[in-house]
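Below you will find the structure I want to go over with you.
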Amino acid sequence: MADAYDYRAVEQKWQQRWDEQATFRAREDVEKQKYYALEMLPYPSGDLHVGHAKNYSLGDAIARMMRMLGYNVIHPMGWDAFGLPAENAAIAHGADPDKWTRANIANMQRQVRLMGTSYDWSREITTCEPEYYRWNQWLFLRLYEHGLAYKREAPVNWCPHDHTVLANEQVIDGRCWRCEHLVERRNLSQWFLKITEYADRLLDDLEKLDGWPERTRTMQRNWIGRSEGAQFTFAVENSEERISVFTTRLDTLFGATYLAVAPEHPTVSKIVTKKQRAAVEQFVQSLRSKSELERTSLMEKEGIFTGAYAINPLSHERVPIWVTNYVLAEYGTGAVMGVPAHDQRDFEFARKNALPAAMVVAPPGADVSAPLNEAFLEDGRLIASGDFTGMSSARARKAIADRLVALALGEPKVNYRLRDWLVSRQRYWGTPIPIVYCEKCGEVPVPDDQLPVLLPADVPITGEGSPLANDPAFSNTTCPTCGGPAKRESDTMDTFFESSWYYLRYLDPHNSGKPWDQEIARYWMPIDQYIGGAEHAVLHLLYSRFFYKFFHDRAWVTGADEPITRLFHQGMVLYNGEKMSKSRGNVIGIDEIVERRGVDAMRLFLLYVTPPEDTSDWTDEGINGRVRFVNRVWRACEPFLARARQADPRALPQVSADDEKALLRAVHVAAKSAVDETLSRRFHYNTTVAKLDEYVNALTTLEQRAPDSPAVAYAVHALPLIIAPFAPHLADELWEQLGHTTTVHLERYLEPDERALAVESITLVVQVNGKIRARLDVAPGISEDDAYALAIAQPPVQAQLDGKEIRKKIFVADKLLNIVA
RNA sequence: GGGGAAGUGGCGGAACGGUAGACGCAGCCGCCUCAAAAGCGGCCGGGCAACCCCCGUGAGGGUUCGAGUCCCUCCUUCCCUACCA
């Protein structure tokens, strides 16, 4: 036997050659249709595992397919390099975050290259480089100028032990993830981005995103949480204070039997009665330290009477004002009217605190005197509601709103669940926020020509307090306006800031004058296919849309005001049915697999196990089949290698034998599958790889019977073209050894040929009353009459019909004949 | 509590409303070999002695000439989201 396929040598050879020849360099070319293929920017955690590999195998197959289908493909890669793990490494074992991150990037970049991915490495970006994050700062200043970045006090998660602010995801069951102390809520001054100003557009434009998974759009819709209602005020008895509430159920206004306010509500301390003050203060104090999650999800509804009463603006009834844990200070007005009969939460609260319920909306004919077991949540007809009695809920909402407007007590109002994006982090490893505080001038933005504000090196990172605030060399500066002494902002940016616009920097990564050139962006944007996990369905993908709309409003980008046309969420890769994680110690890294089985086999396996959107299980046996496939391909082609070209894959040979025709058909079925799965954007390459199996099975079979058949030579010469996007190294090696001097990856893909796909005989299924009784091998296009004549000659068909009257015949051309008797 | 996706051989999975189980993994039998590995050929949902035939896509109903596929009810699993007034 000739030499076995040496995947190690071949894979290395082609990776080197693609690199040297810049095979996948992307250039603007107005003559060609562009295609922007992008996988989500990875965090450089240190090692590439098969989960990443699945993502990149898919993205790379798509990019290579589109390139071979004639598109001008841009396919870049980079590193989301700021973030907490680097700082944790510093705290845990004194690593320098910068060195630690760079070492990780170096290793992961090596591994991504090891996969043989067709990235244009000249566009690689690393977000912790000053060349990148200076544009973060620049963009922040533009947001600031437009009033979209602002500072205000906000409740944050504060760990009293570590003296630091925690992100929501670092609070586990109300405790600090690191020291496990109970987290407190503190009001601290924080930077926000006014994403809420774009809430309506972000919501409405979801309609346009028909290339996105419906569930992702739904999640964004829910996250934005637009709700239409009314805001109006209750007067407080014996006080000048007024309490504003928001409701979507104005029709239940006459059923309000109490008023509930959040513990942080500013009027609480003003209206509480002397008798209740101590108890209320104690209650508020006990909640102060509780996070929102704890209050709302983990605790029972609790509350305490303030002693004060409010007056219902229309019924003029006197209702008690309670402080409760279930009203959120951050949503609406921080106060709600309590309507136990028509809101389940209010119902539970009222029952617990012996507050009355008043039914004011009922379905027609309902017995309203019966005691309630739960709130009645539906619309109905109003009862016991003054002038509004008898109206439908919908009409009453309008009429009551009109009345409140007329009395100048309220107005229609739209509220959002979406809140402004808190972007400041009291951390070191991030982009410094380019703001200076001057004693005389106050808050001063750093002028553009002084960017970047460099992140200082050698700052002690202890996990206590803000590292930058504790560094006088960084903190002390002079005011850009008056030159007087000033302090720098010591907070850094949320890393989602970087990833909200990186896809634009890829297009023009070395521009030192601006973040990107608009003309270049005009050519490449929007992203035609974005691939990444569903875990980013809301945050990253919503922030990116927000930024892009802001850019669009500035005319920095043109065309559509959505950055991502089509989105695909690949499924996770499990191992032994479990999510891979470092803590479980079950992470399958790619180095060993690549070494032992080869990259092409790994890529083929990851595409083959499941449809790409499904969760797949890594198995050590499963890849065997793909290793065999790679070797079979090599052996099938071997007799033709290093010889003169014996066939042209663009010229279909004339053959006569059935198995020769079947082979030509298998070739084109596989090609058609690859093209269809790509252009339909279904990307079910698992079925394409199955058809490659059938192709190679047919090839090896015919090769044994008729090694000199032109069909064999043709199938061998077409094979590298067809497998190129899926097994790129093997493909280029075969292509070269079959006598070509240029890479297969810049060739046109094999165009599926109808002549090869056509079949000479089909199996027509004959059913009697829906059950299969015979199968006929006939020429395609057979008429119903001819088929019927053949069918009734079949003994099993005759037996079933047995003189019965034929009532109906169902004929599906080239498929089936159903005789109903 | 709300929203979404999905239930097909031992396993991963195929299947425009029209031959269920393509293709592969694992397993079994055979060939090759002194032997093993690799490779090649075959078998591989259940019932039956059986190539006939019958049953079979989570359960039950429905629509249809015909349902894994469409509709309704239920069960199970997974993911997301949770007091947003």
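Please read all numbers here as calculations on a predicted model, not as lab measurements. Throughout, a chain's letter reflects where its sequence line sits, starting with A, and its residues are numbered from 1.
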Exercise for review: Using a 4.0 Å heavy-atom cut-off across all strands, classify Arg773(A) as base, sugar-phosphate, or nothing.
Suggested key: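 Sugar-phosphate, backbone atoms only, no base.
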Practice item. Give Glu214(A) one of three labels, base, sugar-phosphate or nothing, depending on what nucleic acid heavy atoms sit under 4.0 Å from its own. Key: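 Contact class for Glu214(A): none.
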Revision key, fill the gap. Once base and sugar-phosphate atoms are separated, protein heavy atoms under 4.0 Å mark nucleotides 10-15 of chain B, 5' to 3', with B, S and - as --BSSS
Exercise for review: Determine the contact category for Thr248(A): base if any of its heavy atoms lies under 4.0 Å from a base atom, sugar-phosphate if only primed atoms, P, OP1 or OP2 are that close, otherwise nothing.
Suggested key: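 Sugar-phosphate contact only - Thr248(A) comes under 4.0 Å of backbone atoms but never of a base.
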Practice item. Would you mind checking if Asp676(A) and Arg681(A) are paired as a salt bridge, meaning a charged N to carboxylate O distance below 4.0 Å? Key: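 Answer for the salt bridge query: no.
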Exercise for review: Examine distances only and state if a side-chain atom of Tyr331(A) and a backbone atom of Arg419(A) form a donor-acceptor pair shorter than 3.5 Å.
Suggested key: no
Review point. Would a 4.5 Å heavy-atom cut-off, applied to side chains only, mark Pro707(A) and Val712(A) as touching?
Key: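 Not in contact.
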Exercise for review: Using a heavy-atom cut-off of under 4.0 Å over every strand shown, decide if Gly625(A) touches base, sugar-phosphate, or nothing.
Suggested key: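 The residue Gly625(A) makes sugar-phosphate contact but no base contact.
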Point to revise | Gap between atoms CD and P, on Gln800(A) and C54(B) respectively (whole Å) | key: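 Going from CD in Gln800(A) over to P in C54(B) covers 8 Å.
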Exercise for review: Quick one: label Thr700(A) by what it contacts on the DNA or RNA (base, sugar-phosphate, nothing), any heavy atom closer than 4.0 Å.
Suggested key: nothing
Revision key, fill the gap. RNA chain B in dot-bracket form (Watson-Crick or G-U pairs under 3.5 Å, [ ] crossing, | inter-strand) is (((((((..(((.....[....))).(((((.......))))).(((.....)))..(((((..]....))))))))))))....
Exercise for review: Would you indicate what Arg807(A) reaches in the nucleic acid, counting non-hydrogen atoms under 4.0 angstrom: base, sugar-phosphate, or nothing?
Suggested key: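 Nothing, no heavy atom under 4.0 Å.
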Practice item. In whole angstrom, give me the gap between the C1' atoms of G9(B) and G21(B). Key: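 Rounded to whole Å, the distance is 7 Å.
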Review point. With sugar-phosphate meaning primed atoms plus P, OP1 and OP2, does Ile810(A) contact a base, only sugar-phosphate, or nothing at under 4.0 Å between heavy atoms?
Key: base
Review point. Quick one: are Asn686(A) and Thr610(A) in side-chain contact, heavy atoms under 4.5 Å?
Key: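 Not in contact.
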Practice item. In whole angstrom, give me the gap between the P atoms of G56(B) and G61(B). Key: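 After rounding to an integer number of Å, I get 12 Å for this pair.
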Practice item. Check the chi torsion on G61(B) and let me know: syn if it falls within 90° of 0, anti if not. Key: anti
Point to revise | Arg626(A) CZ - C23(B) P separation (whole Å) | key: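 The answer, rounded to whole Å, is 12 Å.
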Check your understanding: Do the two ring centres, one from Phe568(A) and one from Phe683(A), sit under 6.0 Å apart?
Key ->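 Close enough - the centres of the two rings lie under 6.0 Å apart.
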Review point. Can the ring centres of Tyr608(A) and Phe726(A) be said to be less than 6.0 Å apart?
Key: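 No: the rings miss the under 6.0 Å criterion.
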Check your understanding: From the list C80(B), A85(B), A82(B), which nucleotide is the closest neighbour of the side chain of Arg417(A)?
Key -> A82(B)
Review point. Any chance the rings of Trp421(A) and Phe496(A) have centres within less than 6.0 Å?
Key: no
Point to revise | Criterion side chain to side chain donor-acceptor pair (under 3.5 Å) against Arg397(A), the qualifying member of Thr247(A), Thr248(A), Asp379(A), Thr252(A) | key: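 Output: one option passes, namely Asp379(A).
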Practice item. Looking only at side-chain atoms of Asn624(A), point me to the closest of C83(B), C23(B), C25(B). Key: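 The closest nucleotide is C25(B).
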